[in-house]
Number of protein chains: 2
Amino acid sequence: WRSRGKLQIFQYQVLKWVLALLVGVVVGLVGFFSNIAVENIAGFKLLLTGDLMLQNRYLAAFELYIGCNAVLAAAAAALCAYVAPAAAGSGIPEVKAYLNGIDAHSILAPSTLLVKILGSVLGVSAGFVLGKEGPMVHTGSCVASLLAQGGSRKYGLTWNWIRYFKNDLDRRDLITCGAAAGVAAAFRAPVGGVLFALEEVTSWWRSALLWRTFSTTAVATMVLHALITYCRGGHCGLFGKGGLIMFDLSSRQATYTATDLAAVVLLAVLGGLLGALFNFLVDRVLRAYSIVNEKGACYKIVLTVTISVITSCCTFGLPWLTACTPCPPELASKCPTIGRSGNFKNFQCPPGQYNALASLFFNTNDDAIRNLFSAGYDREFGVSTLLTFFTTVYTLGLLTYGVAVPSGLFIPVILSGASFGRLAGTLLGSVSGLDPGLFALLGAAAFLGGTMRMTVSVCVILLELTNDLLLLPLIMLVLLIAKTVADCFNKGVYEQIVRMKGLPYLEVHAEPCTRSLVAGDVVSGPLVTFSSVERVGTVVHTLRSTGHNGFPVIEDPPFAPAPELCGLVLRSHLLVLLQGRIFTSDRVKTGAAEVFRRLAPFDFAKAGSGKGIKVDDLDLTEEEMDMYMDLHPITNRSPYTVVENMSLAKAAVLFRGLGLRHMCVLPRTQGRPPVVGILTRHDFMPQYIRGLYPNVLPR
Amino acid sequence: WRSRGKLQIFQYQVLKWVLALLVGVVVGLVGFFSNIAVENIAGFKLLLTGDLMLQNRYLAAFELYIGCNAVLAAAAAALCAYVAPAAAGSGIPEVKAYLNGIDAHSILAPSTLLVKILGSVLGVSAGFVLGKEGPMVHTGSCVASLLAQGGSRKYGLTWNWIRYFKNDLDRRDLITCGAAAGVAAAFRAPVGGVLFALEEVTSWWRSALLWRTFSTTAVATMVLHALITYCRGGHCGLFGKGGLIMFDLSSRQATYTATDLAAVVLLAVLGGLLGALFNFLVDRVLRAYSIVNEKGACYKIVLTVTISVITSCCTFGLPWLTACTPCPPELASKCPTIGRSGNFKNFQCPPGQYNALASLFFNTNDDAIRNLFSAGYDREFGVSTLLTFFTTVYTLGLLTYGVAVPSGLFIPVILSGASFGRLAGTLLGSVSGLDPGLFALLGAAAFLGGTMRMTVSVCVILLELTNDLLLLPLIMLVLLIAKTVADCFNKGVYEQIVRMKGLPYLEVHAEPCTRSLVAGDVVSGPLVTFSSVERVGTVVHTLRSTGHNGFPVIEDPPFAPAPELCGLVLRSHLLVLLQGRIFTSDRVKTGAAEVFRRLAPFDFAKAGSGKGIKVDDLDLTEEEMDMYMDLHPITNRSPYTVVENMSLAKAAVLFRGLGLRHMCVLPRTQGRPPVVGILTRHDFMPQYIRGLYPNVLPR
């Protein structure tokens with residue numbers, strides 16, 4: 001199926017574009033609807049509570065609040081625990097691992113998609129300190145995967161015309177587009193989405209992909225834009241200014257003095273330190289939680305509800321400790337906001353006053369961020385308010401990630417960064433003339449740089465959120481410093497999670513220990529090869545007894561004068577050939593014509609996750625087991641090879657650079673078998689190498 | 001030198017960062033000074049002419065104008081023709097080719113750098129329809145190359161501590177940073193610079209590079225920002241609002257109707273068509289000019305001056321054909337601008353009126369673009385004015401690129417695109433409610449998409465220039481349509497120039513004709529190999545008689561039981577060993593210890609362009625010629641290899657993907673020499689393959 005006609009190539013190109021744009025449309029729609037759902041559920045909950053507060057029925061309000069949160073949290077946790085455990089957490093590490101070539105089970109399954117969307121809506125509405133941005137990336141990838149597979153056979157939704165895309169390359173491309181569209185839909189940041197996919201998610205990048213992801217994110221953003229414009233007309237329930245964080249800071253000054261710069265540098269260093277600390281603590285919390293979570297689904301739900309209760313107590317209880325602030329007289333019409341969402345929450349205060357801490361806690365996370373970034377009212381939040389909020393959010397953010405709910409890390413990090421930045425800005429007010437709202441933005445940038453270690457994409461996302469390019473130099477400076485500081489301590493939070501999950505992630509740089517080894521050193525275990533025309537029984541037995549996915553095929557006499565390497569055959573292709581029962585009673589070549597007369601090329605296309613043929617499903621008679629099958633038509637005649645004395649580091653560069661799954665190792669000297677081994681992803685993992693050669697090089 | 005200590009690695013890292021930031025600082029400074037120079041020279045010229053015009057001495061004004069332009073043009077052409085011919089043209093195709101692995105001579109030499117800066121300033125001041133943006137990219141790359149080489153030995157500027165970076169990888173990284181910084185300094189667009197480097201310039205991209213280029217562009221932009229802030233105080237002569245195009249369109253509306261969208265789509269389609277036509281015509285003009293330019297330096301200067309005179313006649317003559325327009329009464333203080341640069345040029349008109357065409361022609365290109373983008377005064381430019389300007393600029397842009405002056409393509413394309421867009425906007429004014437200034441911006445986007453075929457980077461550059469992210473959806477739509485339309489006809493303008501110059505550029509996708517061939521098919525000519533301990537005379541003779549840069553080394557008996565491949569040795573390393581005279585009288589291994597006792601590892605580091613040892617410089621006695629040299633210490637023991645029956649397309653993917661220069665081809669069957677050939681970049685060129693196999697596959 002490599003020699004397709006022009007029409008087919010054209011059809012393929014058009015389909016690929018249509019799919020990419022379709023991914024954009026669907027992700028845009030999903031982003032919009034999950035937003036509306038959150039705004040309405042959370043808004044309704046806050047309104048009800050607020051009404052009870054106005055009637056001075058504080059205990060009832062608290063019960064209602066904590067109850068709503070716990071029920072929503074339990075529902076989200078139950079979905080995650082029983083339906084799709086893969087939907088818990090951010091999902092970005094999993095997508096990152098998938099695009100690195102790790103086909104982990106059920107990560108992009110339709111059930112995961114459904115639970116991710118619903119669980120994320122429920123989780124955010126439950127008032128947890130978590131975001132829906134990370135889950136949106138996972139959702140986008142799931143949507144793309146589903147479309148690329150041509151629907152799900154399990155649920156009876158299949159489109160045959162998409163079987164063109166049943167290969168790794170096209171699927172990876174589309175999933176990259178989906179991840180980019182997820183960011184674009186979450187932040188309304190199309191360029192930021194592309195850069196996020198480039199910087200954080202993908203392991204391979206082609207310039208054609210830049211254009212394709214860009215169009216996908218563009219479509220997603222346009223769909224979102226159109227729907228939001230429609231909602232501005234008041235057709236979408238409680239949907240206010242839009243749950244998508246978006247602040248217009250264009251009134252900010254663009255000049256700054258040397259002391260301003262010093263203050264910003266200090267902020268960036270502290271942000272980097274706190275970000276690195278966050279990563280360290282998240283790792284510990286995740287390890288602790290995983291012990292609880294492994295005990296069963298019930299434990300997961302109990303843990304989630306516990307955290308929900310703690311969160312509710314903090315957000316409802318802490319504002320009582322704050323004194324009421326009189327409203328600024330010039331804002332009498334807006335302050336306090338009673339019976340609707342807004343900047344100045346009345347809470348327990350008498351009319352004409354507002355509770356600053358409640359304005360932050362007693363809101364959706366998006367609104368809290370918008371409040372922190374707001375400029376102009378310098379004294380809106382006092383030092384104690386900000387300090388309380390920062391500590392609480394930082395701690396709750398740590399405790400929340402890891403419970404069995406789809407939970408993004410962007411929002412907790414932005415929230416704590418912004419409150420920290422605003423705190424610093426308020427404290428440094430006498431030294432620096434910059435606005436506390438600008439400090440909040442820079443604080444968020446510092447925390448993002450310190451935890452996620454992304455630079456360009458975070459910078460662009462923040463720019464797209466704030467719509468002011470004059471802030472660019474300051475944001476860049478903060479990001480660079482924070483990342484540099486944090487890199488001295490540990491790795492980025494997503495890489496850390498990938499590593500903690502034990503996924504065999506191939507790093508860009510080969511491990512130092514591979515430098516002093518050669519490829520032949522790590523080839524181990526008995527090598528299983530097939531002859532180019534092999535007995536059916538041998539093939540079936542081998543497939544049953546080993547878990548390998550690729551087997552070298554040796555051309556033996558009489559087909560060649562001496563044994564030589566014919567190529568590499570994949571387990572999935574062998575299974576298709578076995579199922580097709582294309583056997584001969586003698587040891588002769590069948591030829592490709594015979595195979596493709598009986599089987600269509602698409603039968604060999606890569607099946608969707610968990611949908612391939614199993615070797616145990618085959619039902620072959622004793623007679624058939626003694627027949628022969630010709631492997632020539634399904635053998636890849638040009639596998640990538642290395643000589644056994646090739647430096648392992650260079651072999652790793654080749655393996656990673658071309659995105660291979662199998663690599664044949666050839667002998668160096670003549671007169672030996674034509675292939676000495678096969679290298680797979682696991683052979684390059686540092687744990688494996690260190691297991692073989694404990695003393696090769698200390699870390 | 002692969003086993004460096006921790007301290008050295010740290011030193012290397014710090015140095016690499018310092019260099020990257022230094023590149024940013026230098027490029028920022030260069031960008032600023034070339035800007036100031038242009039503003040002052042061109043401004044002075046225009047002021048003098050304007051003064052004469054005010055005195056009604058029109059002929060004298062014309063003589064002065066045409067004379068100034070011709071002298072400036074001749075100076076620029078003379079510099080290019082006599083000092084550094086490589087400095088002519090945009091420079092982006094050359095940088096692109098260099099980063100693809102083509103070490104063309106003198107492209108990044110110090111003389112090229114100097115001529116590029118000076119010539120660009122002179123050329124832009126001479127009033128040509130060309131930009132300084134493309135040359136800035138080349139300048140940035142030259143600066144980076146110069147710093148990476150540790151100065152120039154020819155001019156006595158060398159720093160020994162930078163010899164760490166004398167290898168291809170580090171040099172490519174730094175040059176990528178330089179190119180990105182060039183765009184950043186030219187447009188004040190740091191993110192756009194990074195994306196430009198990613199999308200258009202580099203062939204290999206690592207995610208570490210993203211961060212590094214980003215910091216370089218950030219530094220360049222900050223330097224520029226600081227200096228411009230200083231200049232705002234009036235310390236920089238005629239430096240006005242800054243020659244760097246920057247317009248604030250934030251007053252634009254963000255809503256648009258379906259008819260607006262239809263108008264925009266039409267604009268994008270036409271822009272794509274005209275862009276493709278531009279590419280086609282540029283190719284023809286370049287071919288015609290190259291005949292003239294090849295005749296000698298004088299011809300180059302004559303051609304340049306001819307084009308300069310034509311340009312001067314157009315820009316001075318055409319405004320006379322336009323009727324004067326009365327100034328809008330509300331702008332009496334600003335219109336007409338007399339005796340200074342500004343929006344409404346008085347030209348031949350009586351006081352209180354202005355000449356619309358002169359406002360575009362009789363300005364620097366940057367000011368003309370700013371005028372075209374200006375919003376608010378809908379009727380500022382009439383249809384006939386815009387049509388005249390568009391046709392003239394489109395034609396002059398075509399004629400100017402290719403003369404022996406550093407000339408960027410951004411400005412001509414933006415100029416014609418903006419005038420075309422404003423023309424379309426004025427014509428469609430009854431249908432669409434969008435501002436003509438916005439149409440001008442979209443027209444520029446359409447032309448950029450149609451000629452350069454960049455999407456994300458152009459989009460971001462335009463956003464950074466306009467500082468309004470609400471325009472994003474429209475710009476993206478226009479870019480996508482224009483690129484798609486233009487891609488139906490031909491390739492992007494830079495790729496076209498690379499191809500026209502005959503540079504062996506490796507495309508991302510393997511040529512279709514390589515699919516039906518195997519690696520062994522294109523290996524041709526007698527293979528030259530060395531024995532692992534070889535006679536000095538043989539080595540010298542081989543180096544003299546062939547031009548190859550890499551030679552396989554064969555381990556012969558008695559060092560191995562049978563001949564086997566030892567590795568690959570480079571010409572430059574052989575020359576170092578020959579110059580070091582590390583010979584033995586018998587055929588024995590010297591060992592690496594002996595070699596590195598006499599030669600430092602840095603002696604083998606890659607020399608700067610044109611600075612390596614020549615084989616004719618060696619002065620070896622007859623006696624020495626009969627001695628032996630041990631090639632083991634300088635042999636690369638792990639060359640990348642393919643088996644001879646590997647598909648050529650897959651070999652090309654490997655070659656391109658890992659950025660190789662040589663690849664050994666191994667025999668498939670045993671009992672033959674251990675290596676059957678070497679593949680280099682030229683073996684993958686479609687011209688070469690089609691020369692060998694004319695009937696392999698029609699294009």
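Sequence lines set the chain letters: A, B, ... in the order given, protein chains first and strands last, and positions in each chain run from 1.
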Is it the backbone or the side chain of A:Leu666 that comes under 4.5 Å from a heavy atom of chain B, or both, or neither? side chain
Contact origin within A:Glu564 toward chain B - heavy atom pairs under 4.5 Å: side chain
Flag, side chain of B:Lys483 to backbone of B:Thr455, donor-acceptor distance under 3.5 Å: no
Nearest atoms (heavy-atom pairs only) where B:Tyr640 meets A:Met646: CD2-CE, 3.5 Å
If you look at every heavy atom in A:Trp211 and B:Leu480, which pair is closest and at what distance? NE1-CD2, 2.8 Å
Would you mind checking which part of A:Ala218 comes under 4.5 Å of any heavy atom in chain B, side chain (CB onward), backbone (N, CA, C, O), both or neither? both
Just by modelled atom types, is the A:Leu506 backbone N or O under 3.5 Å from a matching donor or acceptor in the A:Asn100 side chain? yes
If I measure from the heavy atoms of chain B, does A:Met222 come under 4.5 Å with its side chain, its backbone, both, or neither? side chain
Can you name the nearest heavy-atom pair linking A:Gly659 to A:Trp204, along with the distance? CA-CZ2, 3.1 Å
With only heavy atoms counted, which part of A:Val460 is less than 4.5 Å from chain B, the side chain, the backbone, both or neither? side chain
Given heavy-atom pairs under 4.5 angstrom as the criterion, report whether the side chain, backbone, both or neither of A:Ser457 touches chain B. neither
Chain B: which of A:Thr641, A:Val653, A:Val643, A:Leu654 shares the most heavy-atom pairs with it under 4.5 Å? A:Leu654
Among the options A:Ser203, A:Ala519, A:Ser647, A:Pro561, pick out the one with the most heavy-atom pairs lying under 4.5 Å from chain B. A:Ser647
For B:Pro674 and B:Leu565, work out which heavy atoms get closest and say how close. CB-N, 3.6 Å
